[in-house]
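Here the structure is laid out as structure tokens; the discussion comes afterwards.
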Amino acid sequence: MKPSKFEYNAPTSLQEAVEILENNEEAKALAGGQSLIPMMNFRLAQPGALVDLNNIPGLDYIREEDGSLVIGGLTRIREVETSELVRAKCPILSEATGFIGHLPNRNRGTVGGSVAHADPSAELPTVLTALDAQIRTFGASGEKSFQPQEFFLSYLTTPLESSDLVTEIRVPLPATHAKGAFMEISRRRGDFAIVAVAVLLEIDENNVCTNARISLGGVSDTPLRVEEAEELLEGETLTEELLRKASAFSAEIADPESDYHATAEYRRNMAQVYTLRTLKKALGMEEEGSK
Amino acid sequence: MAAQKHEVTLTVNGITYERSIEARMLLSDFIREELDLPGTHVGCEHGICGVCTILLNGQPVRSCLMFAVQANGGDILTIEGVANGTELHPIQEAFRKHHGVQCGFCTPGQVLTAYHFLSENPNPTEEEVRLGMSSVLCRCTGYNQIIDSVLAASGESRD
Amino acid sequence: MDINGKYTFNAQPEQVWGVMLNPENLRDALPGCDRLAEQAPGQYEAVMKIGIAAVKGTYKGKVEIADAEEPVHYTLRGEGSGAPGFMKGSAVIELQKSDTGTDVVYKGTMEVGGLVAGVGQRMISGVVKMMLKQFFQNMSKKMPQQTN
């Protein structure tokens, strides 16, 4: 099928884009198009108007500011993936972006678009939940900001109003000695994750874990932080046995659906298996029997 | 009521075209229908199969996931622009020699992906080729022949 | 897929029955329901606009209330089809008196097919759960205020 007719707008300023979105309830924002255009090609989405954001200058940037990594909403995923700054300061973000689709998707897809799309199986929402990134938006009612748990509400559902656009992500920089890892299981490289795990650990000079963050993707209608596992690990020296105990919480908190890629039981099981693998990978521990 | 038309200017394989089209025309269809360059194939039309891959401003994109109006002012390479007249590009020659082509449906996407991949990674390992070429699906070759072709084009061979 | 669950209303079974089986309440409570017109006793023609984010579709079909035994249980059947696909489901709904009011226990199955099922399969049960939650939340607004 081909997309249905729509009115095409290509504003050159954020303000203009917001005005069009506010005044036309049929209008939808178009960023990278890697999620929206497939839906339009199927006619699952038939917006009466598109607001192409790609001509708005000043929204694609990656910089360090006040202890945070600040990324503009229109920054291409590929830019984040190849950024030396991101690789140096927040390696799990680099790692996670490498799993997003394939190169052509990453060339067009944007950070803001992926976040606004809020697919719970997507890598960016999962890793940004572990990083506790702040999501900043701009719309007809001005600037707003959200933490991940306030933003990812359900499948493709966020608190964004029709004219709100994701303009910036602010990622608090992990401590320089922090250890992190991102892993996902999918049938083929580049597919949506069956289960994705993002882990960030801070270990002090006495080998005690002072901060643990574990985020799961693909096991619910939003990314999930495994808080009970995090609490178990904090304040302790991380032994394999403790990591195993912590990973069990992932299976408990996971509330996945079945589809033809994987059953709910499999996803729940993999949540546990991959939490353990990702924790071990972050800590540089040997893993028997895995690729 | 006639649909609204938009003016676009695109350079494709070195030639600049000006056209007046509907916004909803996909870049893949623009290339095939407006410019009569049917080498860019349309498979799944939702960004999974990769046969529609072209290079836009030097970067591989899925042309079925862009509207032609979005590529206004862009510089595009399609499969028709890879050979030098009747002289095959080394990548095409490698695909021919190592049976990287069977039905040919995915071949334009494969060749353009390889073209870009080798330009950034001229001496890849087999593993790197497998990953780098994974964005285009093939139902015929079982992929090994495509890997062989790309390695051969880079001057390497698969073990 | 199976749809099982329970929702507790702070009202007596007779009151819950009256509210839940009222066609106007049904139309207001069913998410996206534009039209619910009675064709025959217990049989309704329905038009529902369902979707999340940019993916919206209009489904036309039927809703049927059968095997009703007031105020204990009834069977709800529905089917609808539209451009994005079709859906068909049925559930047995039981009203059980509890300490806090009435437990509405539902047990049923639902089938979704067509384009939306092919493309959005992993989201369907999640979306159905979300819609059920909305349905019950909307219904609870219709329940008579309890005075203690």
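Every chain is numbered from 1, with letters handed out A, B, ... down the list of sequences. In what follows, every heavy atom counts, from backbone to side chain, and hydrogens, waters and symmetry copies are set aside.
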A quick test of your reading: do over 12 heavy atoms of other residues, nucleotides or ligands sit less than 6.0 Å from NZ of A/K281? yes
What pair of heavy atoms forms the shortest contact from B/S134 to A/H102, and how long is it? O-CE1, 3.2 Å
Where on A/M39 is there a heavy atom nearer than 4.5 Å to chain B: the side chain, the backbone, both, or neither? neither
Side-chain (A/D52) to main-chain (B/Q70) donor-acceptor, under 3.5 angstrom: no
Greater than 12 external heavy atoms within 6.0 Å of A/K2's NZ: yes
A/F138 CZ: over 12 foreign heavy atoms closer than 6.0 Å: yes
Name the region of B/L137, side chain, backbone, both or neither, that has any atom closer than 4.5 Å to a heavy atom of chain A. side chain
Pair B/F67-A/L50, side chain to side chain contact (heavy atoms under 4.5 Å, CB included): steps then yes or no: CA-CA 11 Å; B/F67 297 109; A/L50 283 188; 3.5 Å; yes
Can you give me the closest heavy-atom contact between B/V61 and A/P104, atom names plus distance? CA-CB, 3.8 Å
Ring geometry between B/H46 and A/F42 (parallel below 30°, tilted from 30 to 60°, perpendicular above 60°): tilted
Name the member of A/L30, A/I37, A/D191 that forms the most heavy-atom pairs with chain B at distances under 4.5 Å. A/I37
Has the side chain of A/N41 got a donor or acceptor atom that lies under 3.5 Å from a matching backbone atom of B/E45? yes
Is B/V136 in contact with chain A via its backbone, its side chain, both, or neither, using a 4.5 Å heavy-atom distance? neither
Less than 4.5 Å to any heavy atom of chain A: does that hold for the side chain of B/M25, its backbone, both, or neither? neither
A/L36 portion near chain B, given a 4.5 angstrom heavy-atom threshold: neither
If you round to the nearest 0.5 Å, how far is CG of A/N107 from CG of B/L65? 12.0 Å
Ranked by heavy-atom pairs below 4.5 Å to chain B, first place among A/R108, A/R188, A/R189 goes to A/R108
Write down the atom of B/R24, the atom of A/P3, and the distance for their closest heavy-atom approach. NH1-O, 2.8 Å
Below 4.5 Å, heavy atoms only, C-beta onward: do B/P60 and A/L103 meet side chain to side chain? yes
